[in-house]
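This report refers to the structure that appears directly beneath it.
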Amino acid sequence: MSFKICLLPGDGIGPEVTAAAVSVLERAAAQHHFAFTTSEHPIGGVALRTSGLPFPDATRQAVLAADAVLLGAVGAPEFDREPPVRKPETGLLQLRQALGGFANLRPVLRYPNAGSTPLKDEIVTGADFIVVRELTGGIYFGQPRGFAPGRQSAHNTMVYSVEEIERVARIAFSLAAERRGKLTSVDKANVLEVSQLWRETVIHVAADYPGVKLDHLYIDNAAMQILLRPRDFDVLLTGNLFGDILSDEAGVLAGSLGLLPSASIGGRVGLYEPVHGSAPDLAGQDVSNPLGAILSAALLLRYSLRQPAAAQAIEAAVARTLADGLRTRDIAGGGASLGCRAMTAAVIARL
Ligand code: IPM
Ligand code: MG
């Protein structure tokens with residue numbers, strides 16, 4: 001049995017963290033008796049430079065023919081002033097739509113003493129929740145959108161259908177049922193009709209999951225509560241924009257955005273990407289944190305290749321690496337740190 005993994009290293013630190021994840025996957029495959037082949041394709045800024053498009057057709061065909069897709073990061077400052085069709089981020093959004101993974105799982109785990117955080121240890125220790133972010137709808141894709149002639153105003157549309165809310169809610173409820181049985185749905189139902197429909201629909205779906213305790217928070221309050229009492233949360237269900245915001249904030253709880261992985265499931269092919277961006281200022285210096293990408297590879301094994309033992313082994317190796325005090329610069333708090341390659345070797349040595 002040999003799986004096809006499509007690699008999209010992308011921009012900035014994307015290539016180095018992707019290479020790190022692949023070397024960990026190679027070791028895991030040898031240990032757990034499965035095989036995979038990889039192919040590499042451009043997306044984002046690298047694709048724009050060579051083909052003028054952020055998500056070229058050849059890349060689209062390759063991802064749709066794969067068993068799973070592993071992405072590094074997209075984004076490059078040289079395109080900041082370009083129109084949307086010439087932005088690396090547009091390539092990522094087109095990729096997500098092509099694959100159709102509407103449920104973006106972003107686990108947030110505070111490893112014991114994982115790194116410096118401005119938050120008190122007694123508050124963050126033991127935090128372990130997962131953000132389920134709707135990924136292919138909402139204000140990111142809603143129509144109409146655009147600038148009025150003369151650019152004196154601009155508009156976007158936050159829209160969700162009952163069907164879109166239901167399908168992502170079911171994934172969140174199922175996850176909660178396997179975890180600690182708590183689901184917090186995040187909305188802005190005190191102001192937005194789209195959030196009122198979100199809340200009604202989630203309450204309706206809850207009837208099928210009697211073992212899960214459901215509550216609701218407004219997004220502004222949720223942003224505060226996850227910092228005040230992070231341990232109380234198990235699964236957080238959000239729309240596209242609210243989940244984008246909460247997951248960066250959650251990076252502070254974990255110790256660094258560089259530690260957070262993600263999986264986008266429910267579509268034709270699973271997409272796995274670290275939550276961090278391309279960090280162009282760090283690119284090529286071997287100082288990035290590979291753990292977000294390595295943990296994304298573990299999610300790839302769990303959700304797309306159905307290799308739960310290998311996934312768990314990688315997660316355990318990462319936990320041991322951190323427990324042994326090894327740090328990349330983002331989590332070293334000014335102390336001694338390893339580069340991306342040495343940190344990856346440390347994880348492999350513990351696998
Ligand atoms: C993320 C990123 C992307 C998003 C950007 C790069 C388009 O911030 O994955 O969280 O907004 O979804
Ligand atoms: Mg984001």
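Read the numbers this way: they start at 1 and go in the same order the structure lists the ligands and their atoms.
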(message) Other residues, nucleotides and ligands only: do more than 12 of their heavy atoms fall within 6.0 Å of CZ on R268?
(response)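 Open: at most 12 neighbouring heavy atoms sit under 6.0 Å from CZ of R268.
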Taking the cut-offs as 6.0 angstrom to the six-membered ring centre and 45 degrees off its axis, would you call [X] and [Y] a cation-pi pair?
X	Y	value
R151	F147	yes
R199	Y160	no
R167	F102	yes

(message) Show, in sequence, the C-alpha distance, side-chain angles and deciding distance for E122 and R231, and conclude whether the salt bridge (charged side-chain N to carboxylate O under 4.0 Å, His left out) test is met.
(response) CA-CA 10 Å; E122 65 260 35; R231 273 192 298 256; over 6 Å; no
(message) Please name the atom of D244, limited to N, O or S, that comes nearest to the Mg ion (ligand 2).
(response) OD1
(request) Could you please provide the protein residues found below 4.0 Å of ligand 1 on a heavy-atom basis, arranged by chain and number? (result)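 Residues near ligand 1: E89, L92, R96, R106, R133, Y140, D244.
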(request) Hey, can you tell me if Y209 and F173 have their rings parallel, tilted or perpendicular (30° and 60° cut-offs)? (result) parallel
